[in-house]
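Inspection log for the structure reproduced underneath, given as C-alpha cells.
Atoms considered below: every heavy atom in the structure, side chains included; atoms not considered: hydrogens, waters and symmetry mates.
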Amino acid sequence: MSLPSRPLRVLLDTDPGIDDALAILLALASPEIDLAALAVVHGNCALSEAVRNGLDVLALGGAAHIPVAAGCDRPLLRPRFHAPEVHGVSGLGYAALPPSPAAAVAEHAVDLLIREVMAAPGEVTLVAVGPLTNVALAMRKEPRLAGSLRELIYMGGAFRIEGNASPLAEFNVYADPHAAQIVFTSGAPITIMPWDITRGVRITDVHIGRLLERGGPIAHFVAESTRYYMEMHRVRLGFAGCSLNDPAALALAYVPELAVTRPVNVEVELSGELSVGKTVADFLGKTDRAPNVRLVEQFDGEGFVEHFLTRIEALIDRA
Ligand code: RIB
Ligand code: CA
C-alpha cells in the first residue's frame with residue numbers, strides 16, 4: 001500500500017492509557033499524519049478518565065483543537081475490565097497534566113467514526129489501540145464502514161506468547177472479545193500489531209534520560225507516566241523498561257516498511273472459561289476460513305524506538 005503524498009488522515013480509537021498517550025504525542029510529532037480526532041473507549045481506565053486524559057495529552061502537545069469524542073464506557077457483553085495496576089487509576093501513571101481548555105465534543109465516538117470515514121471513503125486510516133467496542137458498534141450501525149476504510153491498524157492479540165490480561169489473552173481483546181470478533185470478521189482491511197511483537201519494543205530509563213536532557217513539560221510527562229509503567233513491567237513482567245505497544249501500532253500507518261506481515265485467519269475464543277479472549281490464528285490452514293487480517297510477524301523494534309525518540313525530541317523542541 002503506497003503512502004499518499006499528503007498527510008494521512010488518521011482516526012485514533014484509544015483508551016488513554018500511558019502507551020496510548022505516547023501514541024497521541026507521536027501522531028502530533030509526525031508530519032505524515034493528520035490526526036483528525038480521538039474516539040475514546042473504556043479500557044485501561046474508566047471512560048471518564050480516558051476522555052480527560054485524551055483532552056489533556058492533546059493540549060500538552062499543542063493540539064487542544066483536535067476533537068475528542070467519548071465512546072462506549074463498557075464492553076458489548078462482558079463486565080468492565082480496567083488495568084489500574086498497569087496505568088494507575090488516573091490512567092497516566094504518576095503524571096499530572098494541566099487541564100485542557102477544550103471539552104469533549106457532544107457527538108458519540110461511534111457516530112464520529114462513521115461520519116469521518118463515510119465522508120471520505122478509502123481515505124481514512126483507523127488506528128485502534130484499545131478494546132474494539134466503539135469500532136464494532138460503528139460497523140454494526142454503518143455496514144459500509146468496514147469497506148470504506150483505507151486501513152484499520154489494530155494493536156492487540158497474543159498469538160504465540162502468553163497473554164498480558166489472562167494466561168492466554170492480550171488486554172485489548174480480553175476486555176471486549178465479542179467486539180474483536182465482530183471487527184476481525186468484518187471484511188475490513190486489517191493489520192494487527194500483536195503483543196507478541198510489542199512486548200519487546202521497549203524504552204528504558206536511558207531513553208527517558210535523553211528526553212529529560214531537553215527538559216520541558218512533554219519530557220516531564222513522558223518520564224512521570226512511564227515511571228509508573230516501568231515499575232509495573234519490572235514487577236509483573238520481569239523486565240526493565242516499558243513496551244511501546246500503541247506507538248508501534250500507529251507507526252505502521254506511515255512507516256509500514258518497519259514491519260513484515262502475513263495474511264492469516266484470526267478469530268476470537270468467546271466461550272472458554274480459561275480461554276476467552278484468546279486470538280486464534282489458523283497459521284497452518286487447518287480450517288476452511290480465509291485469511292481476514294495481515295498479522296505483523298517481524299518488526300524493526302530498535303529502529304522504531306529511535307524513530308519514536310527522535311520524533312518526541314522534535315515535538316519537545318517545537319513546543
Ligand atoms: O495489551 C496492550 C494494550 O492494552 C495497549 O493498547 C494498552 O494501552 C492496553 O490498551
Ligand atoms: Ca491502549
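- A 4.5 Å side-chain heavy-atom check between Pro7 and Ile33 finds every atom pair outside the cut-off.
- Between Asn245 and the options Arg199, Met193, Met155, Glu170, a side-chain contact (heavy atoms from CB on, under 4.5 Å) holds for only Met155.
- Summarising the geometry, atom OG1 belonging to Thr125 is positioned 11.0 Å from atom CZ belonging to Arg9; distances are rounded to the nearest 0.5 Å.
- Rounding to the nearest 0.5 Å places CD of Gln181 at 10.5 Å from OG of Ser186.
- Counting only distance, with no hydrogens or angles, the side chain of Asp20 and the backbone of Asp15 share a donor-acceptor pair below 3.5 Å.
- For the pair Asp196 (side chain) and Phe159 (backbone), a donor-acceptor distance under 3.5 Å is present.
- Considering only heavy atoms from C-beta on, Pro177 stays 4.5 Å or farther from Glu269 through its side chain.
- Below 30°, between 30° and 60°, or above 60°: for Phe304 and Phe299 the angle between ring planes is between 30° and 60°, a tilted geometry.
- Side-chain contact between Asn53 and Cys45 is present, with at least one heavy-atom pair separated by less than 4.5 Å.
- Counting only heavy atoms from C-beta outward, the side chains of Pro217 and Leu60 approach each other to under 4.5 Å.
- Side chain of Asn134 to main chain of Cys72: a donor-acceptor pair is present (N/O by atom type, distance under 3.5 Å, no hydrogens or angles).
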Pair up each side-chain donor or acceptor in residues 22-30 with any protein partner under 3.5 Å, not counting sequence neighbours, and list the distances.
{"from": "Ser30", "atom 1": "OG", "to": "Leu26", "atom 2": "O", "distance (Å)": "2.7"}
{"from": "Ser30", "atom 1": "OG", "to": "Tyr254", "atom 2": "OH", "distance (Å)": "3.1"}
{"from": "Ser30", "atom 1": "OG", "to": "Arg311", "atom 2": "NH1", "distance (Å)": "3.0"}

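- Gln298 places no side-chain N or O within donor-acceptor distance of the main-chain N or O of Val260, the cut-off being under 3.5 Å.
- Around CZ of Arg140, the count of heavy atoms belonging to other residues, nucleotides or ligands within 6.0 Å does not exceed 12.
- A pairwise comparison of heavy atoms in Pro194 and Leu295 identifies CG-CD1, 3.9 Å as the closest pair.
- Put simply, the side chain of Asp205 does not reach to within 4.5 Å of the side chain of His207, judged on heavy atoms.
- Between Phe81 and Tyr174, the ring-plane angle classifies as perpendicular under the 30° and 60° cut-offs.
- Counting heavy atoms from C-beta outward, Cys242 and Arg202 have side chains that stay 4.5 Å or more apart.
- With rounding to the nearest 0.5 angstrom, the NE2 atom of His178 is 8.0 Å from the CG atom of Leu76.
- The CZ atom of Phe308 sits 10.5 Å away from the CD atom of Glu313 when rounded to the nearest 0.5 Å.
- Under 4.0 Å is where a charged nitrogen must lie from a carboxylate oxygen, and between Asp111 and Lys141 at least one such pair does.
- Residues Val266 and Ala281 share a closest heavy-atom pair of CG2-CB, 4.1 Å.
- Of the inter-residue distances, the one linking Asp176 atom CG with Phe171 atom CZ reads 10.5 Å to the nearest 0.5 angstrom.
- Between the side chain of Asn265 and the backbone N or O of Asp282, no donor-acceptor pair lies under 3.5 Å.
- In summary, Arg210 and Glu213 do not engage in a salt bridge, as defined by a charged side-chain N under 4.0 Å from a carboxylate O.
- Pairs of residues two or more places apart, or lying in two chains, that qualify as side chain to side chain donor-acceptor pair (under 3.5 Å) and include a residue from residues 153-162 are Arg160-Glu297.
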Checklist line | Trace of the ring-ring contact (aromatic ring centres under 6.0 Å, His included) decision for Tyr229 with His87 | finding: CA-CA 6 Å; Tyr229 204 32; His87 295 266; 5.3 Å; yes

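- Between Ser148 and Val117, the shortest heavy-atom contact is O-CG1, 3.7 Å.
- Looking at Arg262, its side chain does come within 3.5 Å of a backbone N or O of Phe283 through a donor-acceptor pair.
- Of all non-hydrogen atoms in Gly156 and Val173, the two that sit nearest each other are C-CG2, 4.4 Å.
- With hydrogens and angles ignored, the 3.5 Å screen pairs no side-chain donor or acceptor of His82 with any backbone N or O of Pro84.
- Counting only heavy atoms from C-beta outward, the side chains of Arg80 and His42 never approach each other to under 4.5 Å.
- Side chain of Asp246 to main chain of Ala21: no donor-acceptor pair is present (N/O by atom type, distance under 3.5 Å, no hydrogens or angles).
- Taken to the nearest 0.5 Å, the CG atom of Asn164 stands 8.0 Å off from the OG1 atom of Thr198.
- Asn292 contributes a side-chain N or O that, together with a main-chain N or O of Phe184, makes up a donor-acceptor pair within less than 3.5 Å.
- Note on Glu231 versus Arg234: no salt bridge recorded, every NZ/NE/NH1/NH2 to OD/OE distance being 4.0 Å or above.
- Closest of all the heavy-atom pairs between Val183 and Ile190 is O-CD1, 3.3 Å.
- Heavy-atom neighbours of Arg144 CZ from other residues, nucleotides or ligands within 6.0 Å: at or below the threshold of 12.
- The backbone N or O of Ser100 lies less than 3.5 Å from a partner atom in the side chain of Asp56, making a donor-acceptor pair.
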